[in-house]
Amino acid sequence: LNTDGLYVCALSVVEKARRRGVGKALMGGAEEIGRAQGSSFLLLHVELSALGPLALYQDTLGYEILPAIKENMEFTSAINLGPEQGAPLNYLMRKELKELQLG
């Protein structure tokens, strides 16, 4: 797995603040940090059953679900999120970080 990216380990928004742009703002901040550090992409995992966050990442923020190929599955297992560790089933997602266009 290419290592010039960042990984978001966890993101949680309290229930009463959901659907108000908080998650979008937090992820925007993570993406800004990545760009400032010269990272070319951002990775995260999302549980298959987490339909709200999945829609945020995929539809609103432009993350793509990566295929379940050996390299991606090994990464998932290496951070203890594989099924062999008893973790819920999840998608590994990625977004390319492009330079912000001004004006």
Side-chain angles (χ1 to χ4, degrees):
L1 191 64
N2 186 334
T3 58
D4 65 343
L6 291 181
Y7 179 77
V8 172
C9 180
L11 176 71
S12 182
V13 176
V14 295
E15 191 169 341
K16 65 182 178 181
R18 291 180 187 158
R19 305 202 55 78
R20 296 184 180 174
V22 175
K24 182 178 177 181
L26 290 169
M27 289 305 298
E31 292 171 14
E32 286 180 30
I33 290 169
R35 285 185 194 94
Q37 293 181 350
S39 299
S40 61
F41 62 90
L42 198 141
L43 294 171
L44 57 86
H45 280 91
V46 63
E47 291 181 23
L48 271 62
S49 62
L51 300 180
L54 181 59
L56 169 68
Y57 299 133
Q58 192 170 33
D59 302 334
T60 303
L61 298 177
Y63 284 75
E64 66 175 305
I65 296 172
L66 296 179
I69 60 173
K70 182 180 178 187
E71 180 179 44
N72 294 339
M73 299 302 288
E74 288 174 349
F75 173 74
T76 296
S77 293
I79 60 171
N80 296 320
L81 287 177
E84 65 275 10
Q85 287 96 7
L89 295 177
N90 56 69
Y91 293 117
L92 177 59
M93 302 185 81
R94 176 182 173 127
K95 181 175 181 178
E96 297 298 318
L97 297 179
K98 298 178 176 76
E99 294 292 324
L100 289 177
Q101 302 297 321
L102 300 177

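- Asn72 has its side chain within reach of Pro67: a pair of non-hydrogen atoms, C-beta onward, lies under 4.5 Å apart.
- One hydrophobic cluster holds both Leu61 and Val22 under the rule that ILVMFWY side chains link at heavy-atom gaps under 4.5 Å.
- Shortest non-hydrogen contact noted between Leu97 and Leu42 is CG-N, 4.2 Å.
- Note on Phe41: it does not cluster hydrophobically with Leu44, by side-chain heavy-atom contacts below 4.5 Å among ILVMFWY residues.
- Leu26 and Met93 fall within the same hydrophobic cluster, where Ile, Leu, Val, Met, Phe, Trp and Tyr residues are linked whenever their side-chain heavy atoms come under 4.5 Å apart, directly or through other members.
- Tyr7 is linked by a ring pair (Phe, Tyr, Trp, His ring centres under 6.0 Å) to His45, Phe75, counting only residues two or more places apart in sequence or in another chain.
- By the rule that hydrophobic residues join a cluster once side-chain heavy atoms approach within less than 4.5 Å of another member, Val13 and Leu56 end up as members of one cluster.
- Take Ala50 and apply the side-chain contact (heavy atoms from CB on, under 4.5 Å) test, not counting sequence neighbours, and it matches Val46, Glu47, Pro53.
- Screening residues 77-92 for salt bridge (Lys or Arg N to Asp or Glu O under 4.0 Å) gives no qualifying pairs among residues at least two apart or on separate chains.
- Residues satisfying the salt bridge (Lys or Arg N to Asp or Glu O under 4.0 Å) test with Lys70, not counting sequence neighbours, are Glu74.
- Expressed to the nearest 0.5 Å, how far CG of Leu6 lies from NZ of Lys95 amounts to 13.0 Å.
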| message | The test is side chain to side chain contact (heavy atoms under 4.5 Å, CB included); show your working for Ile65 and Leu54 and say whether it passes. | response | CA-CA 10 Å; Ile65 296 172; Leu54 181 59; 4.3 Å; yes

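- Among residues at least two apart or in separate chains, side chain to side chain donor-acceptor pair (under 3.5 Å) pairs with a member in residues 52-69 are Glu31-Tyr63.
- In the hydrophobic clustering of ILVMFWY residues, with side-chain heavy atoms under 4.5 Å counting as a link, Met27 and Tyr91 come out together.
- For residues 12-30, no pair satisfies side chain to side chain donor-acceptor pair (under 3.5 Å), with sequence neighbours left out.
- Residues Leu66 and Leu43 meet the side-chain proximity criterion, which asks for heavy atoms closer than 4.5 Å.
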